[in-house]
Protein chains: 2
Amino acid sequence: MEGCPLKEGLEEILNRCSHLMSKKGYHGTSMRDLAKATGYSLSGLYNYFKSKDELLFLINLHGFSAISTTLRGMLESVVEPEARLYAVIYNHIRYFLAHMGEMRVLMLGTQNLDVEKSSTINGLKEDYRIQVQSIVDEVYSAKTGKRLSRKDLEKKTMLLFGMMNWVFGWYSPRSHGPADDLIEDIYSLFLRGLLVGRSKLSEADDVRRIYEANKTKIFLAEVN
Amino acid sequence: MEGCPLKEGLEEILNRCSHLMSKKGYHGTSMRDLAKATGYSLSGLYNYFKSKDELLFLINLHGFSAISTTLRGMLESVVEPEARLYAVIYNHIRYFLAHMGEMRVLMLGTQNLDVEKSSTINGLKEDYRIQVQSIVDEVYSAKTGKRLSRKDLEKKTMLLFGMMNWVFGWYSPRSHGPADDLIEDIYSLFLRGLLVGRSKLSEADDVRRIYEANKTKIFLAEVN
DNA sequence: AAACGCAGCGAACGTTCGTTCGCAATTCCT
DNA sequence: AGGAATTGCGAACGAACGTTCGCTGCGTTT
């Protein structure tokens, strides 16, 4: 993947804009808000991107390129399958925490973009997913000698992404300890859970029956 | 928790509105869009809620009350710690999949609501989290004889929520198989990962160093 | 039968939205 | 030095926003 540096000043603008958008959402953040937050005038912003859509596109482009590129760089120097999995998680969480606003915007999706822009982003997203997925594949094969089906591989990988992406919603170093510990938690939980086979629960059928029986009685909590 | 039925017709309105909002976001969905989707006129909608804010509040209120209530109901009939954990996951995923739009809106958060409304919602959210967390506590104690620290307990619980909440972004029965299998995947991965202790990786320090060395070289992908 | 309250609507309100335009200042290239 | 491109801004545009108003039916109560 080729690279080109960002226009002078644009990266800082993207940062501040992501930060705002991550709180209020794309439509909830106005160009006037963005102007105020970046220190530019409303019309002055249009020297850096030619529409609000393009701003969202640039944030997504920058984010996915960056996290994918740093991962690729790391993997060049790491060979052990387990260490490669660790590197994936380390890179993702570290980048995530250092760029909360940006990553939050990426998570909100690109439904607002036109087809061309959003398929460019989807391509990058897919590339990154494949990178991570192939590491999961590697580590599973190396440790068990068996191979996961594509369906299972995809599912496990997505569970890993779930754990990693959800941290934005709850993690604070102050109450949950250093990020490196969090990374090790995710690594341990995922790796152990991945390698140990599926565990059947004998009461599973009972649970299902109980759910079906209960699900009709749904009420709205009374709010005085 | 007391309950009261919803105003006639409101539940259907909430459903359709959540569905729209889950795609475009709160600010991205206009009252005119909602009117069109529900079949009411723009002004007619105001007979069911007195502002767009209140609509978002009602969706959140209904969602969190429902999932929390169904869980409470299930847990009354399930005693084995492992089965209780299974019930938590089963309930969450099943409800999630049956109410994708609503749940997606809940995930987007309540930053747009005033302080009173959003703290009501945060209370419900917290209640639900505590329910789940105490089950994780139970199952860990029962199987290991030890007790997790509050910090660790919170972290593990949040990793579970991450796996469960992220499904909205990728799961489709057609390509990933039946929901019951997904539920068992999450259950197995989480339970095994939870019970097996932390696994130290000897190369962890190397990975950290490599990340630090690489992270300065970030470029924007070239987009012809 | 009269009075009332409720569900529903079209039209309009004031505001805010994303974007454009014309023009000044600065920087860059030759 | 001088023209061209870039960076910046205030003012204004039409469109879309959430909400309100006054009115029409309609079912229920008195």
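Only a predicted model underlies this, so the values are computations on that prediction, with no experimental measurement involved.
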Whole-Å distance between [N] [atom2] and [X] [atom1]?
{"X": "A/Leu55", "N": "C/dG18", "atom1": "CG", "atom2": "P", "result": "11 Å"}
{"X": "B/Leu34", "N": "D/dA16", "atom1": "CG", "atom2": "C1'", "result": "14 Å"}
{"X": "B/Asn47", "N": "C/dG8", "atom1": "CG", "atom2": "P", "result": "7 Å"}
{"X": "B/Phe49", "N": "C/dG8", "atom1": "CZ", "atom2": "P", "result": "12 Å"}
{"X": "A/Leu45", "N": "C/dT19", "atom1": "CG", "atom2": "C1'", "result": "12 Å"}

For this session: Enumerate the residues from residues 13-25 of chain A whose closest heavy atom to DNA chain D is under 4.0 Å, giving them by residue number; use none for an empty result.
Result: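 Those residues whose heavy atoms fall under 4.0 Å from DNA chain D, taken from residues 13-25 of chain A, amount to none.
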Problem set entry | Residues in contact with DNA chain D, drawn from residues 111-119 of chain A - heavy-atom cutoff 4.0 Å |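 Output list: empty, so none.
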Quick test of your reading of the model: are [X] and [Y] salt-bridged, counting only N-O distances below 4.0 Å?
{"X": "A/Glu126", "Y": "A/Arg129", "result": "yes"}
{"X": "B/Arg16", "Y": "B/Asp33", "result": "no"}
{"X": "B/Glu154", "Y": "B/Lys151", "result": "no"}
{"X": "A/Lys117", "Y": "A/Asp53", "result": "no"}
{"X": "B/Glu184", "Y": "A/Lys155", "result": "no"}
{"X": "A/Arg72", "Y": "A/Glu76", "result": "no"}

Exercise. B/Lys125: what forms a side-chain contact (heavy atoms from CB on, under 4.5 Å) with it, not counting sequence neighbours?
Worked result: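 Partners of B/Lys125 under the side-chain contact (heavy atoms from CB on, under 4.5 Å) test: B/Phe64, B/Ile121, B/Asn122.
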Side-chain contact, heavy-atom cut-off 4.5 Å: [X] with [Y]?
{"X": "A/Leu191", "Y": "A/Val139", "value": "yes"}
{"X": "B/Asp114", "Y": "B/Glu54", "value": "no"}
{"X": "B/Ile67", "Y": "B/Phe96", "value": "no"}

For nucleotides 23-26 of chain C, list the nitrogen or oxygen atoms of the protein found under 3.5 Å from its nitrogen or oxygen atoms, one pair per line.
none

Problem set entry | Summary of ring-ring contact (aromatic ring centres under 6.0 Å, His included) pairs that have at least one residue in residues 6-45 of chain A, sequence neighbours excluded |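 Sorted pair list: A/Tyr40-A/Tyr48.
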Exercise. Are the side chain of B/Ser68 and the backbone N or O of B/Ser65 linked by a donor-acceptor pair below 3.5 Å?
Worked result: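 No: the side chain of B/Ser68 does not pair with the backbone of B/Ser65.
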Exercise. Is the backbone of B/Trp166 close enough, under 3.5 Å, to the side chain of B/Tyr171 for a donor and an acceptor to pair up by distance?
Worked result: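 Not a single qualifying donor-acceptor pair exists.
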Problem set entry | Below 4.0 Å: OP1/OP2 of D/dT7 and any side-chain N or O of A/Tyr48 |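 It does not, given that no N or O in the side chain of A/Tyr48 lies less than 4.0 Å from OP1 or OP2 of D/dT7.
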Please tabulate, one pair per line, each protein N/O and nucleotide N/O from nucleotides 18-22 of chain D that are separated by under 3.5 Å, including the distance.
from: D/dG18; atom 1: OP1; to: B/Lys52; atom 2: NZ; distance (Å): 2.6
from: D/dG18; atom 1: OP2; to: B/Met31; atom 2: N; distance (Å): 2.8
from: D/dG18; atom 1: N7; to: B/Arg32; atom 2: NH1; distance (Å): 2.9
from: D/dG18; atom 1: O6; to: B/Arg32; atom 2: NH2; distance (Å): 2.9
from: D/dT19; atom 1: OP2; to: B/Tyr46; atom 2: OH; distance (Å): 2.9
from: D/dT19; atom 1: OP2; to: B/Lys52; atom 2: N; distance (Å): 2.9

